[in-house]
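First up is the structure itself, then whatever we jot down about it.
Start at 1 and go down the list; that is how both ligands and their atoms are numbered. The chain is numbered in sequence order, starting from 1.
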Amino acid sequence: MTFLPVFFNLKKRPCLVVGGGDVAARKVARLLLGEAKVRVVSPALNPELTQLRKDQRITHERSDFSDHHLNGCALVIAATDDGELNRRVSALAQARNIPVNVVDNPELCTIIMPSIVDRAPVQIAISTGGASPVLARLLRARLETMIPASYGRLATLMAEFRGKVKQRFPALRERRHFWEKVLQGPVAEMLFAGQDKAALAALERELDHTASSEQPLGEIYLVGGGPGDPDLLTFRALRLMQQADIVLYDRLVAPAVLKLTRKDAKRIYVGKERDQHAIGQNEINEVLVRLAKEGNRVLRLKGGDPFIFGRGGEEIETLSAEGIPFQVVPGITAASGCACYAGIPLTHRDYAHSCIFVTAHLKDDSMDLNWEALVQPKQTIAVYMGVHGIDVLCRELIAHGMPPGTAAALVQQGTTQKQRVFTGTVQTLPGIIKEQEIRPPSMIIVGDVVKLHEKLAWFEPIASD
Ligand code: SAH
């Protein structure tokens with residue numbers, strides 16, 4: 001069946017909904033979005049519609065449907081569970097050329113309701129011509145992930161600048177180029193990141209720049225790539241990964257995640273091995289600044305979350321000092337990813353009321369940690385970078401009063417298809433993992449919550465070699 005997509009202005013126009021149940025309520029909600037004047041005809045109303053009537057957002061005619069209800073209607077929806085009645089409403093409406101929708105029955109419809117991606121004032125309507133509403137909903141979910149939530153704000157900003165831009169670029173082609181650049185560049189990204197004032201300033205600057213030949217600044221996206229499973233990336237991370245010209249990535253970034261960066265982007269490895277730095281932190285900071293000044297959009301991709309033991313703060317401090325635009329995108333941190341994929345809740349009403357994240361670097365065979373703060377009842381400890389010092393870590397925890405029987409786990413390559421989980425106690429875990437070939441990266445989790453692993457483990461990696 002073919003339907004022509006159109007957008008209907010229903011503001012203050014009388015619309016009739018026949019039926020007072022849940023399905024009718026859904027349709028009423030839709031009509032109210034369009035600010036229609038909604039009248040419901042039905043012997044009874046469900047609680048939702050009853051509330052809307054009380055709030056005077058709809059009117060209600062407590063009766064069965066009869067022909068005269070159609071008088072003066074701009075649109076009618078039949079949403080009853082009586083097939084015969086729905087058919088009658090449709091026939092009568094069609095005889096009068098009133099647009100009619102019958103829920104779940106495209107044969108009886110002259111209009112159908114699309115699935116909507118709402119980025120007001122931008123609206124995307126999806127229809128399968130009634131063939132498969134489920135497919136339309138799936139498509140919608142996909143579009144929702146691709147189109148930033150703040151697209152509407154971008155459209156609004158564009159509307160505000162239309163006059164100015166038109167004045168500056170009288171030729172249509174020039175104007176189009178200008179807008180294309182704005183929509184795919186820093187202005188749009190700043191807006192998506194909630195930096196509205198900066199976006200406005202950048203747009204003003206862009207208008208001036210285009211006249212001068214000055215090289216516009218690039219920007220840096222400091223993005224958390226999560227612990228390994230690419231499905232754990234945020235929508236924003238993925239979008240920026242696909243638009244950056246240059247990618248600077250760490251050793252911890254999983255290959256499956258790196259693969260999702262733009263195919264033709266230049267990739268630069270700046271990984272740091274344990275105890276040896278591929279390129280120093282200062283050098284990374286300098287490279288970022290230089291690349292941005294050359295006008296590049298640079299993705300600084302890090303494992304996990306950039307602000308959790310990721311030196312993200314240091315890198316953007318330099319950018320901030322140099323006045324280079326940047327944004328930071330959080331990622332799932334290893335503690336959270338490993339815990340979830342190992343079925344170990346970091347907090348739990350019965351076992352842990354707090355959770356503490358620490359790094360356990362071994363320095364001259366000792367560890368500089370606040371042991372008193374770590375050894376607390378009902379607390380989970382998530383230990384980053386702790387594998388090499390696990391003997392010292394466990395020994396010191398016990399020496400500072402932790403019961404030796406406290407449960408502990410090591411999660412290796414968490415969230416990936418190579419994930420392995422070893423469990424024991426603070427006393428036994430070092431010995432247990434000595435017998436295994438432990439590969440980085442690995443995370444140690446200490447606390448009673450680890451006991452839940454046996455019951456709650458759900459993730460089954462394919463390649464547990
Ligand atoms: N910014 C990162 C942490 C960097 S520190 C984050 O938020 O996750 C590096 C340490 O993180 C590693 O030594 C290891 O302890 C831990 N780690 C990172 N990814 C991991 C993974 N997939 N599985 C287990 N531990 C991981």
| What do you reckon, does Pro306 have a nitrogen or oxygen under 3.5 Å from a nitrogen or oxygen of ligand 1? | no
| query | Does ligand 1 have any atom sitting under 4.0 Å from a heavy atom of Ser442? | reply | yes
| query | Among protein heavy atoms, which sits nearest to atom 10 (C) of ligand 1, and what does the distance come to when rounded to 0.1 Å? | reply | Met385 CG, 3.8 Å
| query | Between Arg297 and Glu189, is there a side-chain N and carboxylate O pair less than 4.0 Å apart? | reply | no
| note | Quick look: Cys338 vs ligand 1, heavy-atom contacts under 4.0 Å, and the answer is side chain
| said: Are any of the N/O atoms on Gln412, whether in the backbone or the side chain, positioned under 3.5 angstrom from an N/O atom of ligand 1? | reply: no
| In the protein, which heavy atom is nearest to atom 20 (C) of ligand 1, and how far is it? | Pro441 CG, 3.4 Å
| message | Take a 6.0 Å sphere around CG of Asp364 and say whether it holds more than 12 heavy atoms from other residues, nucleotides or ligands. | response | no
| query | Can you list the ligand 1 atoms lying under 4.0 Å from a non-hydrogen atom of Ala334? | reply | 6 (C), 7 (O), 8 (O), 16 (C), 17 (N), 18 (C), 19 (N), 20 (C), 26 (C)
| request: Begin with the C-alpha distance, continue with both residues' side-chain angles, and end with the deciding distance and a verdict on ring pair (Phe, Tyr, Trp, His ring centres under 6.0 Å) for Tyr249 and Tyr269. | output: CA-CA 5 Å; Tyr249 66 100; Tyr269 175 69; 5.5 Å; yes
| If you measure only the distance, is there a donor-acceptor pair under 3.5 Å linking the side chains of Thr333 and Ser336? | no
| Taking the side chain from Gln379 and the backbone from Ala373, do they hold a donor-acceptor pair closer than 3.5 Å? | yes
| Residue, atom name and distance, where the atom is the protein heavy atom closest to atom 22 (N) of ligand 1 | Pro227 O, 2.8 Å
| remark: Quick note, ring-ring contact (aromatic ring centres under 6.0 Å, His included) partners involving residues 135-156, not counting sequence neighbours, are Tyr151-Phe192
| Arg137 versus Thr128: any side-chain heavy-atom pair under 4.5 Å? | no
| field | Whether over 12 other heavy atoms sit under 6.0 Å from Arg267 CZ | value | yes
| said: So Met241 and Leu233, do their side chains get closer than 4.5 Å, heavy atoms only? | reply: yes
| Once the angle between the rings of Phe309 and Tyr384 is folded into 0 to 90°, is it parallel (under 30°), tilted (30 to 60°) or perpendicular (over 60°)? | perpendicular
| Does Gly386, backbone or side chain, put an N or O under 3.5 Å from an N or O of ligand 1? | no
| field | Numbered atoms of ligand 1 (with element) below 4.0 Å of Met443, judged on heavy atoms | value | 24 (C), 25 (N)
| request: Could you find the nearest protein heavy atom to atom 11 (O) of ligand 1 and give me its residue, atom name and distance? | output: Tyr384 CD2, 3.3 Å
| query | Backbone, side chain, both or neither: what part of Gln413 comes under 4.0 angstrom of ligand 1, heavy atoms only? | reply | backbone
| query | How far is atom 2 (C) of ligand 1 from its nearest protein heavy atom, and which residue and atom name does that atom have? | reply | Gly303 O, 3.3 Å
| Exceeds 12 heavy-atom contacts within 6.0 angstrom, atom CG of Asp391 | yes
| query | Which ligand 1 atoms, with their elements, are less than 4.0 angstrom from a heavy-atom of Ile308? | reply | 1 (N), 2 (C), 3 (C), 6 (C), 7 (O)
| Residue Val411 vicinity, atoms of ligand 1 by number, heavy atom under 4.0 Å | 24 (C)
| query | Do Arg140 and Asp118 meet the salt-bridge criterion of a basic N to acidic O distance under 4.0 Å? | reply | no
| field | ligand 1 versus Ala335: contacting region, heavy-atom distance under 4.0 Å | value | neither
| Does any N or O atom in Ile332 lie less than 3.5 angstrom from one in ligand 1, N or O only? | no
| With atoms numbered from 1 as shown, which atoms in ligand 1 lie under 4.0 angstrom from a non-hydrogen atom of Phe309? | 1 (N), 3 (C), 4 (C), 5 (S)
| remark: Within 4.0 Å of some non-hydrogen atom of Thr333, the atoms of ligand 1 are 6 (C), 7 (O), 8 (O)
| request: Mark up the atoms of ligand 1 that fall under 4.0 Å of a heavy atom belonging to Leu252, in ascending order. | output: 4 (C), 9 (C), 18 (C)
| remark: Lys164 meets the side chain to side chain contact (heavy atoms under 4.5 Å, CB included) criterion, sequence neighbours left out, with Phe161, Glu204, Leu207
| task | Could you check atom 23 (N) of ligand 1 against the protein and tell me its nearest heavy-atom contact, residue, atom and distance included? | result | Gly414 N, 2.8 Å
